[in-house]
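Everything numeric here is computed off the predicted structure, so don't read it as measured data.
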Amino acid sequence: MWLLLFSCLAGFHVCADDLARAAELEASGDRDTARDLYIRWLTDDENRADPGYGRTLLHLLRSGGTPETLFGLLERFLPYVENPQDKLEAVRFGAYLADLTGRFDLSQRYFYQLMIADPRTDWIREYFSLLEKGSPEPSDPLNFTSDLVDEEHAKNRMILYLISLYVNKASEETVIHWIERAETAFPFLRNYPDWYYAVWLICRNSALMDIQNRYKGDLIRNFPDSPEAGILEREVEILLPPVFLVQRDPRLMQENADTVEKYEYIQMGSFGSLEHAEKFCEEIKRDTGLSPEVFQIEGLYKVILATSTPGKDQDALKKSGYDSFTVALPPGHSR
């Protein structure tokens with residue numbers, strides 16, 4: 001009995017030390033091992049009530065990886081984040097990442113989650129309305145300042161109108177002049193990281209390099225812990241134009257289709273328990289070097305690998321004794 005108790009306590013201390021050890025390894029440059037420890041800590045059921053659970057997930061997201069890996073982490077751990085602010089920031093991270101990498105279904109899903117979590121993000125519904133051909137351009141909020149009820153509301157209307165200028169092909173001079181007018185009329189805009197992010201995004205796609213770099217630098221310096229800074233620090237690889245560009249001009253999707261790596265999905269197992277699915281994932285990673293993820297689909301936890309070399313990976317799985325088959329992921333889980 002004492003031996004069993006000692007083993008349990010030892011296991012607890014090992015897990016409790018995972019974060020400190022992960023930070024040390026990360027500082028030394030061993031990011032892969034650090035990432036594994038962060039994931040192990042997040043996976044442990046006992047840590048889900050820890051006040052730092054959400055911040056640890058956000059740190060892991062900021063540490064890098066392919067977009068699909070980051071979406072996998074969000075799908076896996078976001079449901080357990082209890083702190084409302086942490087959850088909000090993680091959803092924002094997912095929304096921006098999906099938007100930047102051209103994943104319309106995911107972008108829409110995360111942005112609507114954001115709208116539900118924070119009613120002040122009233123611009124989101126109109127943002128997606130803007131993407132529909134023929135949708136009217138919103139009125140310039142600088143002409144109706146008395147209608148802006150508070151800073152948050154004003155900032156959101158400014159972001160929406162700024163995006164509409166680009167979508168409706170306003171000249172670069174018009175965009176720059178309007179940004180200057182907005183910041184002169186409402187200096188508080190510089191207090192919001194999503195304002196800097198919106199200006200960066202518009203100027204990036206307008207090839208306004210000097211302005212883009214200035215706003216990026218100010219964002220990372222002034223709001224280092226924000227989801228927006230996390231996205232820009234990672235230098236996210238833009239696989240496709242941002243969602244609003246693709247939706248406005250379907251030719252862009254075709255032009256970029258050949259530059260996007262084609263992925264297939266291989267399923268190795270399906271479980272009723274998240275714990276069992278995650279243990280199976282670790283087994284496969286240890287035995288084959290592959291890195292499958294757990295997806296919650298139709299009430300089950302499925303162990304799935306996204307791969308551009310399905311034949312090679314299925315051979316490797318078979319040699320290690322694992323059965324597998326290709327699957328199609330449902331909407332909201334696609335690469």
*asked:* Between Glu228 and Arg92 (salt bridge meaning N to carboxylate O under 4.0 Å), is one present in this structure?
replied: yes

Taken to the nearest 0.5 Å, the spacing of Leu232 CG from Trp200 CH2 works out to 5.0 Å

>> Checking side-chain polar atoms at under 3.5 Å, does Trp195 have a donor or acceptor matched by the opposite partner on Glu183?
In response: yes

In terms of side-chain geometry, is the basic nitrogen of Glu282 or Lys279 positioned less than 4.0 Å from the acidic oxygen of its partner?
no

Do you reckon Leu25 sits in the same ILVMFWY cluster as Tyr38, going by side-chain contacts under 4.5 Å, direct or chained?
no

| Given the rule that I, L, V, M, F, W and Y join up when any side-chain heavy atoms are under 4.5 Å apart, are Phe111 and Leu78 in one cluster? | yes

Problem set entry | Exam field: side chain Asn47 to backbone Asp50, donor-acceptor pair closer than 3.5 Å | no

Here the gap from Ile159 atom CD1 to Ile163 atom CD1, rounded to the nearest 0.5 Å, amounts to 7.0 Å

_Any donor-acceptor N/O pair, Ser226 side chain to Phe223 backbone, under 3.5 Å_ = yes

Checklist entry - Are Asp36 and Thr33 linked by a side-chain donor-acceptor pair shorter than 3.5 Å? => result no

Salt bridge or not between Glu278 and Lys285? Use side-chain N to carboxylate O under 4.0 Å. no

Donor-acceptor contact present, side-chain Thr288 to main-chain Ile284, <3.5 Å:
yes

Do Arg48 and Asp45 meet the salt-bridge criterion of a basic N to acidic O distance under 4.0 Å?
-> yes

